[in-house]
Amino acid sequence: MPAESDALSLTFAALADPTRRAMLARLSQGPATVKELAEPFTLSLPAISKHLKVLERAGLIERGREAQWRPAQLHAAPLKDVSLWLERYRKNWEESFDRLDEYLRKIQKEKG
Amino acid sequence: MTDTIADREIVVTRLFDAPRDLVFAAWVEREHAEKWWVAAGTTTHEWNAKPGGVWRYSQPGPDGAVFPFKITFIEIARPTRLVYDFESDAENAPDPVRTSVTFEEQNGRTRITLQLAFATAAAHDEAVQYGAVGGAQLALKSLADYLAKS
């Protein structure tokens, strides 16, 4: 598997969980500690830490060095890769639609 | 956050200035499809536009390489709906992309709405990949502001 799709798989897997997506949405507002991230959920702190590890491995967040706090902050680059990947499909279809549009005009003109 | 089908798909839509019968024919009749669906220089190896039938073709890339593709027709409901799977015909290809196309009449013109749903085949990957694409889009939506700023 090419490196690019490997990284994408990691990002996709990390984003597949609604709790992790909610955590990312929270982090888009600014850095937060594990405790702050746990607040909206009924999950234990260890469970939240586990989710954070998945996000960290996917390169979606970065964590501070202070052992006590370790605030997490969003790292958006992998999301941009996902966005680019999805956009490529869309762009291909926009181009195909351009060709279809041109082709339909041509054959209708020929028919008179 | 909810995981609706719509969140798992890419949707592309456009209005075409042509009658619906003709627009539909452009997708399911070989002499039409070869003129616009694929790039110039593409060779068709097999064409069978029936449910379960395939269209196999090779498309030249920019650097002289040739890329084989396969389209498997799933549903052909003339003139309103077409469903097919698109995939690379090479070894170790990723899962096919399920594509649904609807054709609506609008005052003599035709609106095409195309939906791409990722990873429909491999069952073991399905949960992860399906949810993931949706998740990616959801996340992208909620992070749009952030990305715009950074």
Side-chain angles (χ1 to χ4, degrees), chain A residues 1-2 4-6 8-30 40 55 58 60 73-109 111, chain B residues 1-3 7-19 22-23 25-27 31-40 86 92 94 97 99 101 109-110 112 114-116 118-119 125 127-150:
Chain A
M1 207 181 249
E4 183 203 2
S5 26
D6 234 351
L8 277 175
S9 301
L10 216 53
T11 312
F12 279 157
L15 292 172
D17 182 274
T19 302
R20 290 197 288 271
R21 294 201 295 274
M23 290 165 79
L24 285 176
R26 163 65 187 83
L27 289 171
S28 72
Q29 313 292 313
L55 291 172
L60 285 161
Q73 71 176 44
L74 185 70
H75 183 237
L79 289 172
K80 284 188 178 159
D81 291 340
V82 169
S83 173
L84 285 174
W85 184 77
L86 293 171
E87 264 321 296
R88 207 156 56 191
Y89 277 90
R90 184 190 297 284
K91 196 169 157 280
N92 281 346
W93 268 106
E94 293 291 355
E95 285 168 12
S96 299
F97 277 0
D98 288 344
R99 290 201 299 268
L100 176 58
D101 191 48
E102 201 178 304
Y103 177 68
L104 289 168
R105 278 173 210 285
K106 189 174 146 234
I107 58 173
Q108 288 186 105
K109 212 166 148 191
K111 271 200 307 191
Chain B
M1 279 193 229
T2 52
D3 261 342
D7 289 319
R8 292 167 189 161
E9 294 173 338
I10 292 178
V11 177
V12 191
T13 181
R14 197 182 293 187
L15 190 62
F16 291 89
D17 192 6
L22 179 64
V23 177
W27 290 71
E31 60 275 25
H32 290 313
E34 284 181 332
K35 299 271 173 40
W36 71 269
W37 193 332
V38 290
F86 169 80
N92 301 321
V97 180
T99 309
V101 195
R109 297 197 285 176
T110 307
I112 290 181
L114 183 132
Q115 293 174 297
L116 301 170
F118 291 90
D125 284 335
V128 176
Q129 296 197 5
Y130 236 7
V133 172
Q137 289 179 315
L138 278 172
L140 286 166
K141 258 183 243 163
S142 44
L143 296 172
D145 287 346
Y146 178 88
L147 292 169
K149 275 186 279 172
S150 63

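Letters A, B, ... are given to chains in the order of the sequence lines, protein chains preceding strands, and every chain is numbered from 1.
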Kindly check if the number of other-residue, nucleotide or ligand heavy atoms within 6.0 Å of CD (A:E95) is above 12? yes

Answer with side chain, backbone, both or neither: which region of B:A26 has an atom nearer than 4.5 Å to a non-hydrogen atom of chain A? side chain

Just how far is it from atom CH2 of B:W36 to atom CD1 of A:I107, taken to the nearest 0.5 Å? 11.5 Å

Spell out, as yes or no, whether a donor-acceptor pair under 3.5 Å connects the side chain of A:R90 to the backbone of B:V12. no

CZ/A:R99 to NZ/B:K35 distance, rounded to the nearest 0.5 angstrom? 13.5 Å

Set of residues satisfying side chain to side chain contact (heavy atoms under 4.5 Å, CB included) with respect to B:R109, sequence neighbours excluded: B:L15, B:D17

Let me know if A:D98 has heavy atoms under 4.5 Å from chain B in its side chain, its backbone, both or neither. both

Decide yes or no on side chain to side chain contact (heavy atoms under 4.5 Å, CB included) for B:I112 and A:L100, but give the supporting numbers first. CA-CA 11 Å; B:I112 290 181; A:L100 176 58; 3.8 Å; yes

The interface call for B:V38 against chain A, heavy-atom contacts under 4.5 Å, is backbone

Criterion side chain to side chain contact (heavy atoms under 4.5 Å, CB included) on A:E94 and B:R14, from CA distance to verdict: CA-CA 9 Å; A:E94 293 291 355; B:R14 197 182 293 187; 3.0 Å; yes

Ring-plane angle category for B:H32 and A:Y103, please: parallel below 30°, perpendicular beyond 60°, tilted otherwise. perpendicular

